[in-house]
Amino acid sequence: MTALDGAHGAMMADEEAEAGRMAFYAALRASELFVLLEEEPVGESAKLLVMETEDGPVALVFDTESRMAEFLEAPMPYLGISGRKLAEMLAGQGIALGLNLGVAPSAILLGPEAVDWMVENAPDAVAVVNAVPREIYVPRDVPEAVLVALDRGLARLAGVAGAAWLVGATYADGGSGSLLALGGVVPGDRGAVADTVAEALQFSGVEAAALDVIFLDDRFMADRLAEVGLRFDIPELAVAAPITRDPDAPPRLI
């Protein structure tokens with residue numbers, strides 16, 4: 001079962017619950033998806049395969065390569081892309097999104113209005129702070145659903161971040177709240193990491209879940225965080241052994 005299977009099942013179990021719908025769309029935005037192409041990409045340009053149906057044009061996407069292979073009768077070109085970026089590509093074009101059709105419990109057809117909604121209701125960016133907290137302490141009253149969602153979201157940052165700690169923080173101006181500190185993130189990746197954290201908070205389904213984010217360049221502060229913070233271990237990027245690729249196999253682009 002994938003994260004989208006679980007989020008879809010929870011949404012369908014209580015179709016009237018807004019939290020379940022928000023969590024499903026957050027999971028969809030955060031997931032890596034595989035979308036079919038009309039032809040092999042040329043440079044950085046790729047043309048999505050859009051099927052014409054009685055209900056209008058549909059782009060076909062899958063949340064695993066094995067599910068895509070199960071759906072296809074023959075190999076086709078495809079593109080690996082985040083749900084967030086795919087929704088931005090399709091928004092305003094009147095194209096529906098067919099997810100895992102016929103191959104998974106999370107199979108669903110999202111109309112063009114749902115695709116537009118995904119973009120219009122994307123989570124607000126988390127606050128990336130530069131201020132050094134006056135005091136940090138063991139985090140208090142953090143809902144379990146938020147911790148689980150953060151753990152799942154941060155696990156996708158293999159090779160991007162080294163480790164993360166959640167603490168309670170008080171600032172010089174008297175403000176306080178939860179603070180997520182991340183180490184080992186290069187400046188060019190920090191915007192995408194902040195988006196991942198925002199999506200994880202929305203995926204938790206907890207209303208008004210919020211925290212600040214700080215990127216660590218200070219070894220002393222990292223040591224202090226390790227003493228009082230709740231640590232999230234981020235997997236190291238696995239390096240696959242060299243393989244001989246089938247020249248007729250479709251490419252995967254990220």
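What's counted below: heavy atoms across the whole structure, side chains too, no hydrogens, waters or symmetry copies. All values derive from a computational prediction rather than experimental measurement.
- You'll find the side chain of Asp212 stays beyond 4.5 Å of the side chain of Leu180, heavy atoms only.
- Remark: side-chain polar atoms of Thr53 are paired, donor with acceptor, to backbone N or O of Asp55 under 3.5 angstrom.
- For Ala27 against Ala7, the heavy-atom pair with the smallest separation is CB-CB, 4.0 Å.
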Handout entry: Working for side chain to side chain contact (heavy atoms under 4.5 Å, CB included), residues Met68 and Thr64
Key = CA-CA 7 Å; Met68 178 179 64; Thr64 69; over 6 Å; no
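- In summary, Arg67 and Glu70 do not engage in a salt bridge, as defined by a charged side-chain N under 4.0 Å from a carboxylate O.
- Here CG of Leu33 is found 7.5 Å from CG of Leu97. Values are rounded to the nearest 0.5 Å.
- Inter-residue side-chain proximity for Val61 and Ile81 is flagged as unmet; no heavy-atom pair is nearer than 4.5 Å.
- Between Asp151 atom CG and Leu166 atom CG the span is 11.5 Å, to the nearest 0.5 Å.
- Between Lys47 and Glu39 no salt bridge is recorded (no basic side-chain N to carboxylate O distance below 4.0 Å).
- The hydrophobic cluster containing Leu101 also contains Phe34, counting ILVMFWY residues as joined when their side-chain heavy atoms lie under 4.5 angstrom apart, directly or transitively.
- For the atom pair Gln93 CD and Leu48 CG, the distance stands at 8.0 Å (nearest 0.5 Å).
- With rounding to the nearest 0.5 Å, the separation of CE in Met89 from CD1 in Ile95 is 9.0 Å.
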Handout entry: Val50/Leu60 under side chain to side chain contact (heavy atoms under 4.5 Å, CB included): CA gap, chis, key distance, verdict
Key = CA-CA 7 Å; Val50 178; Leu60 297 176; over 6 Å; no
Handout entry: Test log, rule side chain to side chain contact (heavy atoms under 4.5 Å, CB included), inputs Leu201 and Val146
Key = CA-CA 6 Å; Leu201 290 177; Val146 170; 4.0 Å; yes
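- Surrounding CZ of Arg190 are more than 12 heavy atoms belonging to other residues, nucleotides or ligands, all under 6.0 Å away.
- Taking CG from Asp233 and CG from Leu154, the interatomic distance works out to 10.5 Å, rounded to the nearest 0.5 Å.
- When the ring-ring contact (aromatic ring centres under 6.0 Å, His included) test is applied to Phe71, the partners found at least two apart in sequence or on another chain are Phe62.
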Practice task
Give the intermediate values and the outcome of side chain to side chain contact (heavy atoms under 4.5 Å, CB included) for residues Ile214 and Leu182.
Solution key: CA-CA 6 Å; Ile214 190 170; Leu182 294 115; over 6 Å; no
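- Criterion: ILVMFWY side-chain heavy atoms under 4.5 Å apart, direct or through other members. Under it, Val129 and Tyr137 are not part of a common hydrophobic cluster.
- Between Leu230 and Pro139, the shortest heavy-atom contact is CB-CG, 4.3 Å.
- Nearest heavy-atom pair across Ala59 and Leu90 is CB-CD1, 4.2 Å.
- With values rounded to the nearest 0.5 angstrom, Ser82 atom OG is found 9.0 Å from Asp195 atom CG.
- A donor-acceptor pair under 3.5 Å links the side-chain atoms of His8 to the main chain of Pro105, judged by distance alone.
- Follow the hydrophobic side-chain contacts under 4.5 Å out from Leu147 and you reach Ile234 in the same cluster.
- Listed here is the closest heavy atom pair of Ala226 and Trp165: CA-NE1, 3.7 Å.
- Within the 4.5 Å cutoff, side-chain heavy atoms of Pro133 are placed close to those of Leu179.
- Using modelled atom types, one side-chain atom of Asp5 and one backbone atom of Thr2 make a donor-acceptor pair closer than 3.5 Å.
- When atom types are taken as modelled, the side chain of Asp116 and the backbone of Ala91 share no donor-acceptor pair closer than 3.5 angstrom.
- Formation of a donor-acceptor pair under 3.5 Å by the Arg21 side chain with backbone atoms of Met11 is not found in this model.
- Side chain of Arg152 to main chain of Ala200: no donor-acceptor pair is present (N/O by atom type, distance under 3.5 Å, no hydrogens or angles).
- A donor-acceptor contact under 3.5 angstrom links the side chains of Tyr78 and Glu65, judged on distance only.
- Listed by first then second residue, pairs satisfying ring-ring contact (aromatic ring centres under 6.0 Å, His included) with a partner in residues 90-130 read Tyr25-Trp117, not counting sequence neighbours.
- Contact of the Leu72 side chain with the Leu36 side chain is registered, since non-hydrogen atoms from C-beta on lie closer than 4.5 Å.
- Of all non-hydrogen atoms in Ser178 and Val142, the two that sit nearest each other are OG-CG2, 4.2 Å.
- Residues Leu211 and Val148 are members of separate hydrophobic clusters, defined by side-chain heavy-atom contacts under 4.5 angstrom among Ile, Leu, Val, Met, Phe, Trp and Tyr.
- The side-chain heavy atoms of Leu4 and Leu28, taken from C-beta on, include a pair separated by under 4.5 Å.
- Here the closest non-hydrogen pair linking Leu225 and Ala181 is CD1-CB, 3.4 Å.
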